[in-house]
Amino acid sequence: MSEVKTLKVGSRKSELALIQTNHVISELQKLHPDHKFEVITMSTMGDKVLDVALSKIGEKALFTKELEIALEHKEVDFVVHSLKDLPTTLPPGMVIGSILEREDPRDAVIMKKGSEYSCLEEMPEKSVIGTSSVRRAAQLKAKFPKFKFEDIRGNLNTRLRKLDAEDGVYAAIILAVAGVSRMGWSERISEHLPSEVCMHAVGQGALGVECREGDEAIISLLSTLHHRETVLRAIAERAFLRKLEGGCSVPVAVQSNITQTGVSLSGGVWSLDGSTNIQDSKTILFDDQNGAKRSKASAFVSIVAENVGEAELVAAERCGLELAEALIAQGAEAILNKAKADNKTN
Ligand code: DPM
């Protein structure tokens with residue numbers, strides 16, 4: 001009998017991060033009642049630098065780097081993240097060992113407290129909408145040229161406080177439904193944005209657990225939390241973003257779906273002002289991937305999921321890659337390069 005050792009779980013310090021970390025621990029505890037877990041918190045650059053727009057910091061591992069260093073030094077055994085904050089290429093030696101069932105991946109409109117409006121359509125000209133996401137701003141600028149879009153930074157608690165402040169400038173802010181509902185604030189959501197208005201970010205609404213590559217005991221423990229459909233959607237979306245070389249500084253958005261027979265992905269790229277965009281869709285059937293082989297323990301866009309079918313994983317990755325190739329053939333790279341350059345100068 002091996003002695004039960006306490007596993008160390010890394011987390012950011014924000015309330016949302018701790019809710020997410022505790023959720024993963026409680027799911028693990030249900031399946032593995034004999035294990036013990038201890039949470040170790042730390043701040044990341046994204047938590048410390050609050051006066052610069054996210055898209056301008058230009059560091060892809062903004063919310064993950066310090067935690068990954070702790071992982072590398074074995075100060076923690078695994079780290080819980082919002083999947084959308086995990087870059088599509090992880091540092092060498094790191095993998096994603098678990099992807100939990102996705103919540104609603106849409107974006108939502110939160111009105112200032114006491115607002116008389118219930119959706120963007122109703123709001124008057126020049127209303128100030130708070131978001132630091134170039135993806136949200138680009139899509140919404142195209143649909144609602146009547147608004148002014150302004151950066152808003154800080155964790156969710158800070159943002160809600162800035163929105164509701166009596167002397168605050170924002171009439172509404174845009175946040176992910178998943179984060180708002182994990183915080184217990186669902187009743188503050190006035191409008192869920194459909195994909196025709198605002199497609200979501202890659203990985204949005206799902207949790208990903210990062211661990212050391214080759215740490216078989218932890219990988220096998222974490223694999224028990226994998227949610228098949230979410231794993232496949234995450235692979236398709238991340239393969240798409242990786243091929244486009246997009247991070248959180250460029251307007252790239254997606255919408256994915258898993259059916260009995262295959263993977264479907266819609267996606268697009270936008271100029272920062274939303275005036276130019278390229279969108280397309282792709283479906284790849286699982287059937288077409290039969291006979292696909294992978295080497296043992298290989299990762300798909302850094303996701304290790306040995307308990308999900310080979311043909312399905314291959315189909316998901318191909319779906320993302322082929323959609324990206326289709327967009328590149330239609331001129332996506334010029335739009336993204338311009339967005340990256342404009343981001344630096346604005
Ligand atoms: C990333 C973006 C944002 C976060 C960019 C984007 C939003 C930044 C902003 C990559 N990470 O979505 O286009 O609104 O200024 C973040 C949130 C969550 C994870 C908060 C949110 C919770 C939802 C989830 C920040 N990361 O997007 O409202 O787990 O998907």
Side-chain angles (χ1 to χ4, degrees), residues 11-12 14-21 23-24 44-47 49-64 67 80-88 99-110 129-141 149-160 162-163 170 172-186 188-189 192-193 195 198-209 230 233-234 237-238 241 244 246-256 267-270 272 274 339 343:
S11 175
R12 289 169 57 205
S14 71
E15 186 179 346
L16 178 63
L18 285 168
I19 289 170
Q20 296 180 164
T21 299
H23 172 69
V24 168
T44 63
M45 196 198 300
D47 301 307
V49 184
L50 293 175
D51 51 349
V52 187
L54 272 186
S55 55
K56 297 203 176 106
I57 300 177
E59 161 70 57
K60 277 194 190 151
L62 202 55
F63 291 109
T64 56
L67 291 155
V80 177
H81 304 277
S82 286
L83 183 62
K84 82 163 168 173
D85 293 331
L86 271 175
T88 54
I99 305 234
L100 285 82
E101 181 167 8
R102 183 176 232 168
E103 293 179 48
D104 189 332
R106 288 175 296 175
D107 287 317
V109 181
I110 317 289
I129 312 294
T131 179
S132 297
S133 155
V134 289
R135 171 187 62 80
R136 291 170 180 149
Q139 294 182 82
L140 295 175
K141 279 174 186 168
F149 290 86
E150 287 191 12
D151 275 330
I152 179 165
R153 286 287 324 275
N155 63 38
L156 292 190
N157 310 64
T158 309
R159 288 182 196 213
L160 207 62
K162 286 181 179 170
L163 171 67
Y170 309 103
I173 58 175
I174 315 293
L175 293 175
V177 171
V180 173
S181 90
R182 288 179 200 131
M183 294 291 279
W185 300 340
S186 298
R188 289 294 310 262
I189 295 179
H192 291 75
L193 297 175
S195 60
C198 190
M199 277 197 270
H200 59 73
V202 164
Q204 185 162 311
L207 299 180
V209 187
T230 310
R233 291 173 71 181
E237 295 175 13
R238 285 169 61 83
L241 186 63
L244 288 175
C248 62
S249 63
V250 289
V252 174
V254 293
Q255 157 75 38
S256 61
V269 303
W270 282 258
L272 288 185
N343 232 332

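Both ligands and their constituent atoms are indexed starting at 1 by order of listing.
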Check whether any side-chain heavy atom of Val24 lies under 4.5 Å from a side-chain heavy atom of Leu100, and answer yes or no.
yes
Should you measure from each heavy atom of Ser132, which atoms of ligand 1 turn up under 4.0 Å away?
9 (C), 15 (O)
Heavy-atom check, side chain of His200 versus side chain of Val254, under 4.5 Å
yes
Enumerate the atoms of ligand 1 whose separation from the nearest heavy atom of Arg135 is less than 4.0 angstrom.
6 (C), 12 (O), 13 (O)
The one among Arg136, Arg159, His81 that brings a heavy atom closest to atom 15 (O) of ligand 1
Arg159
Hey, could you give me each pair passing salt bridge (Lys or Arg N to Asp or Glu O under 4.0 Å) that has a residue in residues 173-185? Not counting sequence neighbours.
Glu103-Arg182
Of Arg159, Arg188, Met183, the one forming a side chain to side chain contact (heavy atoms under 4.5 Å, CB included) with Leu175 is Arg159
Do Ile110 and Ile189 come close enough that some side-chain heavy atom pair is under 4.5 Å?
yes
Numbering as shown, the atoms of ligand 1 that approach Ala201 to under 4.0 Å (heavy-atom distance)
12 (O)
Check each of Ala176, Ser133, Ala138 against atom 6 (C) of ligand 1 and report the one with the nearest heavy atom.
Ser133
A student checking ligand 1 against Leu175 at a 4.0 Å heavy-atom cut-off should list atoms 28 (O)
Check Arg153 against ligand 1 and report side chain, backbone, both or neither, counting heavy atoms closer than 4.0 Å.
neither
Could you work out, with salt bridge (charged side-chain N to carboxylate O under 4.0 Å, His left out) as the rule, every residue matching Arg238, not counting sequence neighbours?
none
Counting only heavy atoms, tell me which of Arg102, Glu103, Arg182 gets closest to atom 29 (O) of ligand 1.
Arg182
Report yes if Gly205 has an N/O atom closer than 3.5 Å to an N/O atom of ligand 1; otherwise report no.
yes
